[in-house]
Amino acid sequence: MEISITKTATPAQKPDSSTLGFGKVFTDHMFIMDYSVDKGWHDARIVPFGKISLHPASTVLHYGAEIFEGLKAYRKEDGSVQLFRPIENIRRMNRSAERMCLPQIPEDDFMDILKKFIGFEQDWTPSAPGTSLYIRPFMFGNDESLGVHSVKNATFMIITSPVGSYYKEGINPVKIMIESDDVRAVRGGTGEAKCGGNYAASTRAGERAEQKGYSQVLWLDGVERKYIEEVGAMNVMFKIDGEIVTPKLVGSILPGITRKSCIELLSNEGYKVSERLISVDELIDALETGKLEEAWGCGTAAVVSPIGELCYKDKKYTINGGKIGQVTQHLYDTLTGIQWGNLEDTYGWTCKL
Ligand SMILES: *Cc1c(COP(=O)(O)O)cnc(C)c1O
């Protein structure tokens, strides 16, 4: 894979690790590559970070042909930088592309681009505890016409942002509202693709929950409004009567890499882990009978996010006394230990640049 490089003439001052938020500061460069049906992927280039220009009829602006990924580069104690299961992000992005009629990127080329570009920007990976370099690959349809069809032109980019620790004030359990009106996705729709449109459609419920004092919503399935799907933009897991349960991937749920890692870790450690349908009635029953021991969201940004309170139809339920549970804490310690290289990676999940 040939990648041309244009270095910035005005490198920025790297921010102080203690001031980092999420996705506000970007590194000096970005990666871009173009696709056309005739030429395939071409003009792979690293260029100074900056604005891009689009034709006003560009497909993405009208019909939402956009997909993305999110992963992180972690700085180890010895100064080197590593990725966590990047092949999973690559494969998922190609599955999202297939769903949205966008072009796929051969796995080897994608991996090559990722390693070269992150290698090029690696000095931007912060080293303070809990900080990392967030990597955002994304792709959009870029035909310059209003016709509706699968796109003939697309653009793939990667931008990178040094991000602060998700838990600056320690891991505090969040309050979650079970959403009965809006739905995030339906089977056969785009729920299992990581596409921008899913986020646009989810924002209203999240905002309403925030106004009522909750951090996020727990989504129910779009057909029966009965089965648990996800929490905000994270997958969700429960410990019910000793068993770890998480919604099965039925087509409307995003197949998270953190979810997959939690399942593999816990199964390997001898926990009973079930991927199955979980109805809201089962959950409420488990809450009322004291069988719901733990609940947490999981995703790359937070790793795990314990749920301390659930609200359903105006009734409030506390989980594990509003404190982080033992399994949730164990997952956090193990995954972050492997990601930052402080624990031995017996799974072969980490990837050097
Ligand atoms: C990205 C995402 C997740 C989490 O996936 P990870 O690979 O674990 O980061 C979960 N749900 C939604 C809707 C997402 O977009």
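Quantities reported herein were computed from a predicted structural model and do not represent experimental measurements. Counting convention: from 1, in listed order, for ligands and their atoms alike.
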[atom]: which protein heavy atom is closest, and how many Å away?
atom: atom 3 (C) of ligand 1; result: Ala233 O, 3.5 Å
atom: atom 5 (O) of ligand 1; result: Gly256 CA, 3.4 Å
atom: atom 11 (N) of ligand 1; result: Glu230 OE1, 2.5 Å
atom: atom 2 (C) of ligand 1; result: Lys194 NZ, 2.6 Å
atom: atom 9 (O) of ligand 1; result: Thr300 OG1, 2.6 Å

Using a 4.0 Å cutoff against the non-hydrogen atoms of [X], which atoms of ligand 1 qualify?
X: Arg92; answer: 5 (O), 6 (P), 7 (O)
X: Arg184; answer: 13 (C)
X: Tyr199; answer: 14 (C), 15 (O)

> Is Arg259 close to ligand 1, meaning an N/O of one under 3.5 Å from an N/O of the other?
Replying inline: no
> Looking only at distance, does Ile257 have an N or O less than 3.5 Å from an N or O of ligand 1?
Replying inline: yes
>> List the residues meeting ring pair (Phe, Tyr, Trp, His ring centres under 6.0 Å) with Tyr271, not counting sequence neighbours, and say none if there are none.
In response: none
> Does Phe84 have any ring pair (Phe, Tyr, Trp, His ring centres under 6.0 Å) partners at least two apart in sequence or in another chain, and if so, which?
Replying inline: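 Testing Phe84 for ring pair (Phe, Tyr, Trp, His ring centres under 6.0 Å), a comparison that skips the adjacent residues, returns Trp349.
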> At the 4.0 Å heavy-atom cut-off, does Glu88 count as touching ligand 1?
Replying inline: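 Judged by the 4.0 Å heavy-atom criterion, Glu88 does not count as contacting ligand 1.
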>> If the contact criterion is a heavy-atom separation under 4.0 Å, does Glu69 count as touching ligand 1?
In response: no
Do the two ring centres, one from [X] and one from [Y], sit under 6.0 Å apart?
X: Phe120; Y: Phe31; result: no
X: Phe22; Y: Tyr134; result: yes
X: Phe68; Y: Tyr199; result: yes

> How close do Met93 and Ile67 get, heavy atom to heavy atom, and via which atoms?
Replying inline: O-CD1, 3.6 Å
>> Counting C-beta onward and ignoring hydrogens, is there a side-chain heavy-atom pair between Ile176 and Tyr214 closer than 4.5 Å?
In response: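 Answer no - side chains too far apart.
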>> Let's go through Phe156 and Tyr35 carefully: what are the C-alpha distance in whole Å and the side-chain angles of both, what is the deciding distance for ring pair (Phe, Tyr, Trp, His ring centres under 6.0 Å) to 0.1 Å, and is it a yes or a no?
In response: CA-CA 8 Å; Phe156 171 71; Tyr35 174 88; over 10 Å; no
>> Tell me the contacting part of Thr258 for ligand 1: side chain, backbone, both, or neither, using a 4.0 Å heavy-atom threshold, strictly below.
In response: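 Looking at Thr258 and ligand 1, atoms from backbone and side chain both fall under 4.0 Å.
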>> The test is salt bridge (charged side-chain N to carboxylate O under 4.0 Å, His left out); show your working for Lys194 and Glu69 and say whether it passes.
In response: CA-CA 7 Å; Lys194 208 166 172 76; Glu69 272 302 325; 5.7 Å; no
